[in-house]
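Proteins get letters first, then strands, A, B, ... in listed order; numbering begins at 1 in each. As the structure is a computational prediction, the values presented were derived from the model and not from experiment.
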Amino acid sequence: MNIESKLIETVIEAVHDIYDQAPDAKTIQIQKTRKDFEGDFTLVVFPLLRMSKKSPEQTATELGDYLQQNVKEINSYNVIKGFLNLTIDKSFWLDFINSVGNNNSYGFIEADENSRTMMIEYSSPNTNKPLHLGHIRNNLLGYSVAQILKSQGNNVVKVNLVNDRGIHICKSMLAWQKWGDDVTPEKANKKGDHLVGGFYVKFDQEYKKEIKELVDKGSTEDDAKKNAPLILEAQEMLRKWEAKDSEVIALWEKMNSWVLNGFDVTYKELGVDFDKVYFESETYKLGKSLVEEGLEKGVFFKKEDGSVWIDLKDEGLDQKLLLRSDGTSVYMTQDLGTARQRFTDYNANELIYVVGNEQNYHFQVLKIVLSKLGYSWADYLHHLSYGMVELPEGKMKSREGTVVDADDLIEGMVSTAEEMSQELGKLDNYSAEEKKEIVKTIGLGALKYFILKVDPKKTMTFDPKESIDFNGNTGPFIQYTYARIQSLIRKAAEKDIEIPTQVSDQVEVSAKELQLIKFLHTYPEILNEAAKNFSPAIIANYVYDLVKEYNQFYHDHPIFSETDRDKLLFRLFLSIQVSKVINSGMHLLGINVPDRM
RNA sequence: GGUCUCGUAGCUCAGUUGGAUAGAGCAACAGCCUUCUAAGCUGUGGGUCCCAGGUUCGAAUCCUGGCGGGAUCACCA
């Protein structure tokens, strides 16, 4: 049993013994004592006043006496207003830090037969254009949340859903057919996703020209959009695709494979992966059959033109399209099918969708539609909605060319890391190979940390200039601290100092060091909270705070200048425990830590 | 207009189930490299926690209303 629950239990006993009352465990608030006060844990006594019927100070004192007598770990206590501050004995903290020293997976929980299976979908790219900054946030979040859930004893299945069909795919296919001149990624010496993305842009440009021409001839804007020859051709192509026209399918397969090969490169760079990849081209038909099912059950209705809808006015929403009048499927159609397919494949307890908040409405509808169809697992769907990534100059707009391409961004981060290392002369003694590796770790660490430290649900500003500032609350700062501790270990080996596997309870411990130990003590709670909230940001900020605490300690107490052997060993030992937690926390964020930098 | 969401220092962000005097970093200024990596550390200045009510012993946090930004309400995905 951990110390906090022990304290809570004893407080309940105390209230029972002293005031003859039975308090609800929820009213007992044990929290960490704030830095500026003396003590380790604080009991807030205000909620208990109605039971004691005494002043806050008197109540706190009586409870303090009781606790001190009945909990052996408590050394002393003090009362300030309604706060009872308890000081825990040093030996408790030393026992604790020794237990961390013997534990290679501190804070982690093993999966067992009672584990829940959680499926997490992330990335979900369209095969008509390359990944951009928004996808980076998505991928990093998805991967990290999966890691975090795993660390807390869940079985996790990471899935990707490739949006490989639809009108948007036909647009780039059509543009390639018309203006592609049989170009391939090899011929153009370009990543496949970038090549295809170019044709998507080309389509849009030509389409706009056509619209303008029609408008100039007197057509309305709306009519022009609907009747431009290019869009009609694209629609025709989609119908052919759904009818399995061999020529269209062949082109589709060719171009999709180019794009997917390109994505694989980017995923590898980012360090993300999947256990299973779903393709909408494989699930949309199941979606269509679910629509049929809904029509039979009377959940959906058909309009005169043949399109299928659901009326959600009773839910406070609108009418929603499920199938086009020409019988082709839309986004919602295929998502219905995909969801069903997943619960057939894996018997998941929870299905988490990592998708931007611009789709909040979509997921609200998806959930309602599935439960109206009678699927009880609709309750297991959870939309992990994240905010947009903006640039300092404003929003990203593909039309205005202000989209930050994922590959360009990664490359930029790495080359900036290289320039900075060069300038500081940090990597002068390393081989080109080693340099490349370290610089990549730092560049990606900077990017990943910058994005993950922000609360997922918030819109965030990504400032490329600020992100390459390697000072402050950044990934490289944390990596640097880790690297320095590794350097300590090497130094100890040089000096033939054997690092202890545990420390004696005779050692003198400073207030600062005690604070560091208490900080490490909260790590399991932090992980638990991060898992509950699907929030890597909680871990990121914790690790940063830990590193900051450690750096202060490190500067005040140069370890090898310590003459007392026990103290020296203790500090070395403590440093290693800190570096273990840094490594573990960063690992959950998907960030590597270098041994030297 | 309806729904959702965000609003904390000049800027980027933390702030635990409501707890004590609201915190970091960047930027500015002033210091610290014969001692384990100065990509660091120390110090100074910087706040109407958007506004107004309400609940509470106690509100940045919860509720209501307003103001401001964003998203969404497509036969796009």
Assign [X] to base, sugar-phosphate, or nothing according to its heavy-atom contacts below 4.0 angstrom with the strands shown.
X	result
D455(A)	sugar-phosphate
I167(A)	sugar-phosphate
P47(A)	base
T474(A)	nothing
E525(A)	nothing
N85(A)	base
M460(A)	sugar-phosphate
Y554(A)	base
A483(A)	base
E280(A)	sugar-phosphate
P558(A)	base

Checking base pairs now: Watson-Crick or wobble, both atom distances under 3.5 Å. What partners [N]?
N	result
G40(B)	C32(B)
G65(B)	C51(B)
G1(B)	C73(B)
U17(B)	none

Donor-acceptor pair, side chain of N163(A) and main chain of S124(A), under 3.5 angstrom: yes
Keeping S487(A) on the side-chain end and A483(A) on the backbone end, is there a donor-acceptor pair under 3.5 Å? no
Over 60° means perpendicular and under 30° means parallel, so classify the ring planes of Y353(A) and F363(A), tilted if in between. tilted
Which class fits the ring pair F519(A) and Y542(A): parallel under 30°, tilted 30 to 60°, perpendicular over 60°? tilted
Is the ring centre of [X] under 5.5 Å from the base ring centre of [N], and are the two planes under 30° apart, so that they stack?
X	N	result
Y480(A)	G40(B)	no
F83(A)	A20(B)	yes
F37(A)	A20(B)	yes

May I ask you to check whether Y284(A) and W241(A) place their ring centres under 6.0 Å from each other? yes
S124(A) (side chain) and A77(B) (base): donor-acceptor pair under 3.5 Å: no
Conformer about C1'-N of C26(B) - syn within 90° of 0, anti elsewhere: anti
